[in-house]
Undergrad: 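Got a structure here, written out as structure tokens. Questions coming.
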Amino acid sequence: MTGPSFADDRQLPPGQRLADALKVVHYGRVPKLDLQRWRFTVSGATRDGAEHTFSWADITAMPHIEVVADHHCAARHSVLDVSWGGVPTAELLRRVPPADDAPYALVSAVYGYSANVTVADLAAPRSLLATTLGGEPLAPEHGWPLRLVMPHLYGWKSPKWLLQIEYHREPIRGFWEQRGYHFTGDVWREERYAHQE
Ligand SMILES: Nc1nc2c(c(=O)[nH]1)N[C@H]1C(S)=C(S)[C@@H](COP(=O)(O)O)O[C@H]1N2
Ligand SMILES: [Mo]
């Protein structure tokens with residue numbers, strides 16, 4: 001006999017089932033990126049109207065936090081207690097605030113992958129620009145060098161190989177949100193599909 005399984009008692013969001021570990025889920029090939037040339041950009045309706053660019057050195061110089069969070073894929077698998085490290089997106093919002101009338105954001109990655117989120121999602125205390133997974137630099141297939149993590153939203157809203165956050169005054173739909181997935185994507189409200197909106 002083994003002991004009781006505590007993980008099984010833990011409540012999952014509706015419609016999810018437990019998986020042991022992160023599966024690698026994405027479209028296209030894992031990109032090869034050059035850190036020297038790599039840049040991350042915050043653009044669109046910024047408060048000062050300017051586009052702000054961060055090098056890898058700029059990112060590593062920012063405050064870092066650790067977040068242990070459950071991962072929920074809209075394809076229904078959930079992984080408990082994934083440990084991420086990186087820059088709180090709230091800190092990025094402080095450094096490059098959006099205009100007061102721009103509550104929306106499009107977050108985008110290599111190969112044109114994107115997702116729409118809100119400035120409120122980015123301000124959530126556990127949202128981060130992840131640079132580590134399980135205490136190690138992100139593996140290429142998990143989004144190296146930088147990936148967004150927003151534990152309250154389905155995994156499709158956490159682009160790997162993140163390159164840009166663009167603030168918007170009007171709602172805008174990202175890659176999956178244009179293909180039948182929910183605008184908001186809150187896991188606890190089970191906002192999977194666009195027809196629920
Ligand atoms: N750039 C990019 N990021 C992406 C995806 C993608 O196709 N391209 N898929 C998303 C989906 S649907 C999920 S569930 C998670 C999976 O993360 P993992 O491969 O690290 O488990 O990555 C997300 N980020
Ligand atoms: Mo997913």
Side-chain angles (χ1 to χ4, degrees), residues 7 12-35 38-43 54 56 59 66-87 89 92 105-118 121-122 124 126-166 172-194 196:
L12 290 178
Q16 294 296 113
R17 52 178 181 260
L18 202 57
D20 299 339
L22 282 185
K23 303 176 196 182
V24 175
V25 180
H26 59 262
Y27 276 75
R29 288 183 303 117
V30 173
K32 289 197 173 68
L33 300 170
D34 173 358
L35 263 198
W38 179 92
R39 295 291 181 273
F40 170 71
T41 306
V42 183
S43 63
F54 296 78
W56 183 245
I59 296 291
E66 301 281 326
V67 171
V68 176
D70 302 343
H71 168 85
H72 308 294
C73 173
R76 298 186 184 275
H77 65 272
S78 290
V79 182
L80 301 181
D81 293 337
V82 184
S83 127
W84 303 100
V87 177
T89 41
L92 191 74
L106 189 72
V107 294
S108 45
V110 298
Y111 306 143
Y113 187 85
S114 64
N116 60 269
V117 298
T118 64
D121 292 322
L122 294 168
R126 302 202 312 148
S127 295
L128 76 161
L129 301 171
T131 59
T132 67
L133 168 57
E136 302 288 334
L138 282 176
E141 64 272 24
H142 289 296
W144 182 88
L146 195 68
R147 150 186 204 156
L148 191 62
V149 170
M150 314 193 95
H152 61 296
L153 303 178
Y154 285 113
W156 91 76
K157 288 188 181 275
S158 290
K160 308 193 271 193
W161 317 295
L162 184 72
L163 293 178
Q164 187 163 349
I165 294 179
E166 194 179 70
I172 178 165
R173 299 185 84 93
F175 183 87
W176 285 115
E177 295 87 355
Q178 289 173 26
R179 290 167 176 78
Y181 284 84
H182 199 280
F183 182 82
T184 309
D186 184 300
V187 296
W188 293 100
R189 296 197 201 116
E190 202 174 359
E191 294 170 337
R192 249 177 253 275
Y193 305 115
Q196 299 168 265

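Counting begins at 1 with the first residue of the sequence. Both counts, for ligands and for their atoms, begin at 1 and track the order of listing. Everything numeric in this text was worked out from a predicted model, so none of it was measured.
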Undergrad: Can you check whether Arg147 has an N/O within less than 3.5 Å of an N/O in ligand 1?
TA: yes

Undergrad: Would you mind telling me if ligand 1 is within reach of the side chain of Tyr113, the backbone, both or neither, using heavy atoms under 4.0 Å?
TA: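 The answer is the side chain of Tyr113.
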
Undergrad: Is the ring pair His26/Trp161 parallel, tilted or perpendicular, if the boundaries are 30 and 60 degrees?
TA: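 Plane angle over 60°, so perpendicular.
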
Undergrad: Look at the aromatic rings of Trp38 and Trp56 and report parallel, tilted or perpendicular, splitting at 30° and 60°.
TA: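 The rings of Trp38 and Trp56 stand perpendicular, inter-plane angle above 60°.
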
Undergrad: Under 4.0 Å, heavy-atom basis, I'd like to know which part of Trp161 is in contact with ligand 1: side chain, backbone, both or neither.
TA: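 Only the side chain of Trp161 comes within reach of ligand 1.
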
Undergrad: Look at the side chain of Gln164 and the backbone N and O of Ser108, then say whether any donor-acceptor pair between them is shorter than 3.5 Å.
TA: no

Undergrad: Please could you name the atoms of ligand 1 that Lys23 approaches to less than 4.0 Å, counting only its heavy atoms?
TA: 18 (P), 19 (O), 21 (O)

Undergrad: Looking at ligand 1, does His72 have a heavy atom less than 4.0 Å from it?
TA: no

Undergrad: For Cys73, take its heavy atoms, then give the atoms of ligand 1 lying under 4.0 Å from any of them.
TA: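 This gives 14 (S) as the contact atoms.
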
Undergrad: For Leu153, run the side-chain contact (heavy atoms from CB on, under 4.5 Å) check against Val117, Thr118, Val187 and tell me which one passes.
TA: Val117

Undergrad: Which heavy atom of the protein is the closest neighbour of atom 23 (C) of ligand 1, given with residue, atom name and distance?
TA: Gly155 O, 3.2 Å

Undergrad: The test is side-chain contact (heavy atoms from CB on, under 4.5 Å); show your working for His152 and Arg126 and say whether it passes.
TA: CA-CA 9 Å; His152 61 296; Arg126 302 202 312 148; over 6 Å; no

Undergrad: Fit a plane to each ring of Tyr181 and Tyr193, take the angle between them on a 0 to 90° scale, and name the class: parallel (under 30°), tilted (30 to 60°) or perpendicular (over 60°).
TA: tilted

Undergrad: Does ligand 1 have any atom sitting under 4.0 Å from a heavy atom of Lys157?
TA: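 Checking ligand 1 against Lys157, which is what was asked, there is no heavy-atom contact under 4.0 Å.
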
Undergrad: Write out the residue and atom name of the closest protein heavy atom to atom 9 (N) of ligand 1, then the distance separating them to 0.1 Å.
TA: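 Going atom by atom, the protein heavy atom closest to atom 9 (N) of ligand 1 ends up being Val25 O, 3.3 Å.
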
Undergrad: Under a 4.0 Å N-O cut-off, is there an ion pair linking Lys160 with Glu141?
TA: no

Undergrad: State whether the side chain of Arg192 and the backbone N or O of Ala75 hold a donor-acceptor pair below 3.5 Å, judged by distance alone.
TA: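 Not confirmed, Arg192 side chain does not pair with Ala75 backbone.
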
Undergrad: Give the numbers and elements of all ligand 1 atoms closer than 4.0 Å to a heavy atom of Pro159.
TA: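 Answer for ligand 1: 3 (N), 24 (N).
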
Undergrad: Can you name the atoms of ligand 1, numbered from 1 with element, that are less than 4.0 Å from a heavy atom of Val24?
TA: 19 (O)

Undergrad: Could you go step by step and tell me if Leu128 and Val87 meet the side-chain contact (heavy atoms from CB on, under 4.5 Å) rule?
TA: CA-CA 5 Å; Leu128 76 161; Val87 177; over 6 Å; no

Undergrad: Only heavy atoms of His26, strictly under 4.0 Å: list the atoms of ligand 1 that pass.
TA: 5 (C), 6 (C), 7 (O), 8 (N)

Undergrad: Please state whether the rings of His72 and Trp188 are parallel, tilted or perpendicular, taking 30° and 60° as the class boundaries.
TA: perpendicular

Undergrad: Is there a polar contact between ligand 1 and His142, counting only N or O atoms under 3.5 Å apart?
TA: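 Such a contact does occur with ligand 1.
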
Undergrad: Which ligand 1 atoms, with their elements, are less than 4.0 angstrom from a heavy-atom of Tyr27?
TA: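 Those atoms are 7 (O).
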
Undergrad: So is there a nitrogen or oxygen of Ser158 less than 3.5 Å from a nitrogen or oxygen in ligand 1?
TA: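 Indeed, backbone or side chain, Ser158 has an N or O that close.
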
Undergrad: Mark up the atoms of ligand 1 that fall under 4.0 Å of a heavy atom belonging to Leu22, in ascending order.
TA: 21 (O)

Undergrad: Short list, please: which atoms of ligand 1 are under 4.0 Å from a heavy atom of Ala109?
TA: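 Those atoms are 1 (N).
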
Undergrad: Looking only at protein heavy atoms, which one is nearest to atom 1 (N) of ligand 1, and what is the separation?
TA: Lys160 O, 3.1 Å

Undergrad: Gln196 side chain to Glu190 main-chain N or O, any donor-acceptor pair under 3.5 Å?
TA: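 Side chain of Gln196 to backbone of Glu190: a pair is present.
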
